[in-house]
Amino acid sequence: MNDTWQTDTDVLVIGGGPAACWAAIHARQAGAQVILVDKGYCGTSGATAPSGTGVWYIAPEAAARANAKASREALGGHLADHYWMDRVLDRTYTNMNRLAVEGRYPFPVDPHTGEPLRTGVQGPEYMRRMRAWVKRLGVEILDHSPALELLTDSDGVVRGAAGYQRQLDRDYRIAAGAVVLASGGCAFLSRALGTNVDTGDGALMAAEVGARFSGMEFSNAYAIVPKGSTVTKTAYYGYATFFHENGEVVEGAGSTRGRSVIARTLLTEKVFAQLDRADATVQAQMRVGQPNFFLQFDRRGIDPFTDRFEVDLLAEGTVRGTGGIDIVDDVCATTVPGLYAAGDAATRERICGGFTGGGSHNSAWAMSSGSWAGAGAAAFALSSPRPDQLALTGAGRTGLQPEHTESVTADEVVAAAQGELIPFEKNYLRHGDRIRPALDALDELWERAKGLGGGAGDARVRARQAAAITAVGRLMYRSTLQRNETRGMSKRADHPDLDPAQHHHILSGGLDQVWTTTAAAANTTVAVAS
């Protein structure tokens with residue numbers, strides 16, 4: 001192991017996806033020196049990079065904007081905030097246009113009108129262009145450099161991070177005026193495409209410095225996938241018919257509650273799908289829009305439009321959920337001074353309430369929150385001198401230094417946590433009688449996980465991932481038990497109805513002792529414009 005490499009900067013961005021890149025761009029354009037550290041290779045890692053994705057891009061026309069805001073209000077349990085939705089719609093519209101010009105993204109053109117089509121992006125090209133844009137602005141990118149802990153000063157202000165550079169086999173410490181956590185969500189290492197880096201590391205680091213979370217009960221997203229596949233593009237299954245093993249149609253599987261029907265059916269038998277409701281025009285559009293979706297079928301010699309294929313459900317956790325680190329102002333500051341959150345690491349309840357999915361709102365939130373967090377972090381950092389390395393303390397705990405002598409491995413902790421968090425009969429088909437034992441098991445696992453640490457290099461990275469997945473799971477299930485109703489994506493079989501008295505947000509936090517409380521929700525009633 002080489003000696004620890006040390007440097008300093010104004011703003012440190014942790015992450016390498018869209019939110020991180022937009023944060024780096026806006027921090028740099030605000031006059032800050034910026035370093036971006038990515039667990040993988042910025043531009044190819046994360047859930048956006050391997051996929052095509054829609055974007056919540058709505059022209060600034062009153063009726064269109066009103067309809068866009070109203071479209072998911074009921075699905076989200078009426079927890080979204082119109083102030084934030086308006087801000088995101090405005091910022092997304094601006095950013096997508098900036099992406100075309102400054103980011104040099106080649107948007108396709110409508111053959112009939114000649115107007116550019118900016119309602120979606122191809123992930124590989126999008127992130128390639130974002131990386132190039134970030135570099136042109138002079139941001140220093142450190143690839144394959146996972147952050148392991150945040151650094152704080154004597155007043156508890158977040159002033160940097162420490163981590164490990166895999167390719168150079170050395171530790172690093174970066175002192176910074178402010179930090180943006182844009183490290184993605186947590187998919188529990190479920191193998192969902194692009195989420196191998198999304199293990200909740202940012203949530204763990206935020207919890208260690210006392211940050212607050214919101215909406216963690218809305219973190220049980222599951223995607224329909226071909227059996228054994230990692231490609232999660234559930235929207236395409238809106239064109240599918242689902243079948244029992246005996247060939248009969250699974251009634252209700254194509255409805256808005258279809259995933260629950262599929263999940264219950266999968267408990268006792270296999271389920272098959274066929275995209276038989278897509279006509280020739282739609283089929284062609286689907287192949288252009290999501291080519292990697294069809295690659296898995298082409299390799300197996302399956303035509304998904306004419307052949308039936310077995311399906312399963314794959315956990316996507318907070319990556320497609322809405323829960324995350326809570327933000328307290330318009331520039332995405334957290335409850336901890338010096339720390340800002342963006343993208344999937346932050347709560348998306350502001351614009352989605354208790355329900356979202358792949359792309360669309362998540363994509364818009366990533367570029368909007370990243371922009372605000374980057375600018376906010378720059379303003380905070382430039383308002384005071386850079387901190388002294390010697391005056392900073394690492395906040396990391398579990399996974400860095402063992403707190404007891406019980407022998408446990410990171411792989412054992414991950415496997416045990418996955419056993420409580422991935423099975424859809426526990427985390428999707430929720431019931432208090434299943435959630436409570438799962439939470440008890442995770443609480444016990446957290447105590448065991450305190451034996452992790454003391455290793456070097458990648459061993460510490462794996463230990464921190466194991467601790468993060470466990471910590472996220474405990475926040476999720478504690479929040480789930482606090483919400484004794486069905487709202488958004490958190491559907492409780494033991495509390496199947498929406499309770500008007502619970503029209504509030506669930507806040508949470510803590511590590512050894514996880515706490516929850518409630519906070520009032522904004523009034524979100526809106527009429528659909530004609």
Side-chain angles (χ1 to χ4, degrees), residues 12-17 19-20 23 36-42 45-47 142-152 158 160-166 171-174 176 179-190 192 194-211 213 216 219 316-319 321 323-325 334 336 339-347 366 373 394-401 410-411 413-414 417-418 421 446 449 452-453 455 457-476 509 511:
L12 174 63
V13 178
I14 299 176
L36 181 152
V37 296
D38 190 11
K39 191 176 184 179
Y41 181 88
C42 174
S45 64
L142 303 181
D143 297 306
H144 307 293
S145 301
L148 296 175
E149 62 177 334
L150 295 174
L151 304 177
T152 60
V158 173
Y164 172 66
Q165 291 188 282
R166 283 174 155 145
D171 290 337
Y172 68 80
R173 277 174 63 97
I174 301 174
V179 173
V180 177
L181 273 176
S183 51
C186 183
F188 324 122
L189 290 175
S190 68
T195 66
N196 60 309
V197 294
D198 294 323
T199 52
D201 309 346
L204 175 63
M205 290 187 284
E208 287 172 331
V209 296
F213 296 78
M216 291 302 290
S219 301
E316 296 179 303
T318 71
V319 174
I325 304 166
T334 71
V336 182
L339 183 64
Y340 297 75
D344 291 351
T347 179
R397 291 173 47 199
T398 302
L400 291 179
Q401 294 296 330
D411 288 345
V413 172
V414 169
Q418 287 177 324
L421 295 167
W446 178 254
L452 292 171
D458 276 329
R460 282 180 304 149
V461 176
R462 291 192 297 273
R464 289 293 274 173
Q465 288 182 165
I469 290 170
T470 307
V472 169
R474 296 171 70 228
L475 289 166
M476 282 172 46
L511 288 169

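Just so you know, these numbers use all the heavy atoms, side chains as well, and skip hydrogens, waters and symmetry mates.
T347 is not listed as a side-chain neighbour of I325, based on a closest heavy-atom distance of 4.5 Å or more. Using a 4.5 Å heavy-atom cutoff, the side chains of E316 and T195 are not in contact. Counting heavy atoms from C-beta outward, L150 and L339 have side chains that approach closer than 4.5 Å. Within the 4.5 Å cutoff, the side chain of Y164 has heavy atoms near those of the L148 side chain. S145 has its side chain within reach of Y172: a pair of non-hydrogen atoms, C-beta onward, lies under 4.5 Å apart. Contact of the R166 side chain with the V461 side chain is registered, since non-hydrogen atoms from C-beta on lie closer than 4.5 Å.
Heavy-atom minimum distance, A417 versus I469: CB-CG2, 3.9 Å. The shortest non-hydrogen separation linking A47 to D198 is N-OD2, 4.1 Å. Contact record, G202 with S183: CA-OG, 3.2 Å, taken as the closest heavy-atom pair. Taking each heavy atom of I14 and A161 in turn, the nearest pair found is CD1-CB, 3.9 Å. Nearest heavy-atom pair, A206 versus F213, reported as atom, atom and distance to 0.1 Å: CB-CZ, 4.2 Å.
Screening L12, D38, V37 against L142 for a side-chain contact (heavy atoms from CB on, under 4.5 Å) leaves a single residue, V37.
Listed for the D143 side chain is a donor-acceptor partner under 3.5 Å among the backbone atoms of C42. Within the 3.5 Å criterion, the main-chain N or O of L511 finds a donor-acceptor partner in the side chain of R474. Using a distance-only test at 3.5 Å, with no hydrogens or angles considered, a donor-acceptor pair links the side chain of E208 to the main chain of R397. A donor-acceptor contact shorter than 3.5 Å is absent between the side chain of T318 and the backbone of S219. A donor-acceptor distance shorter than 3.5 angstrom exists from the side chain of Q418 to the backbone of L189, with no hydrogens or angles considered.
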Decide side-chain contact (heavy atoms from CB on, under 4.5 Å) for V158 and L151; before the verdict, give the C-alpha distance in whole Å, the side-chain angles of both, and the deciding distance to 0.1 Å. CA-CA 6 Å; V158 173; L151 304 177; over 6 Å; no
Stepwise side-chain contact (heavy atoms from CB on, under 4.5 Å) check, F188 with T199: CA-CA 6 Å; F188 324 122; T199 52; over 6 Å; no
Begin from the C-alpha positions of C186 and V319 and carry the test side-chain contact (heavy atoms from CB on, under 4.5 Å) through to its verdict. CA-CA 6 Å; C186 183; V319 174; 5.9 Å; no
Apply the test side-chain contact (heavy atoms from CB on, under 4.5 Å) to residues R462 and V413: give CA-CA distance (whole Å), side-chain angles for both, the deciding distance (0.1 Å), then the verdict. CA-CA 10 Å; R462 291 192 297 273; V413 172; over 6 Å; no
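Here the straight-line distance linking atom OG1 of T334 with atom OH of Y340 works out to 8.5 Å at 0.5 Å rounding. Rounding to the nearest 0.5 Å gives a distance of 10.0 Å between CG of L452 and CG of L400.
Contacts of Q465 classified as side-chain hydrogen bond (donor to acceptor under 3.5 Å, both in side chains), with partners at least two apart in sequence or in another chain: K39.
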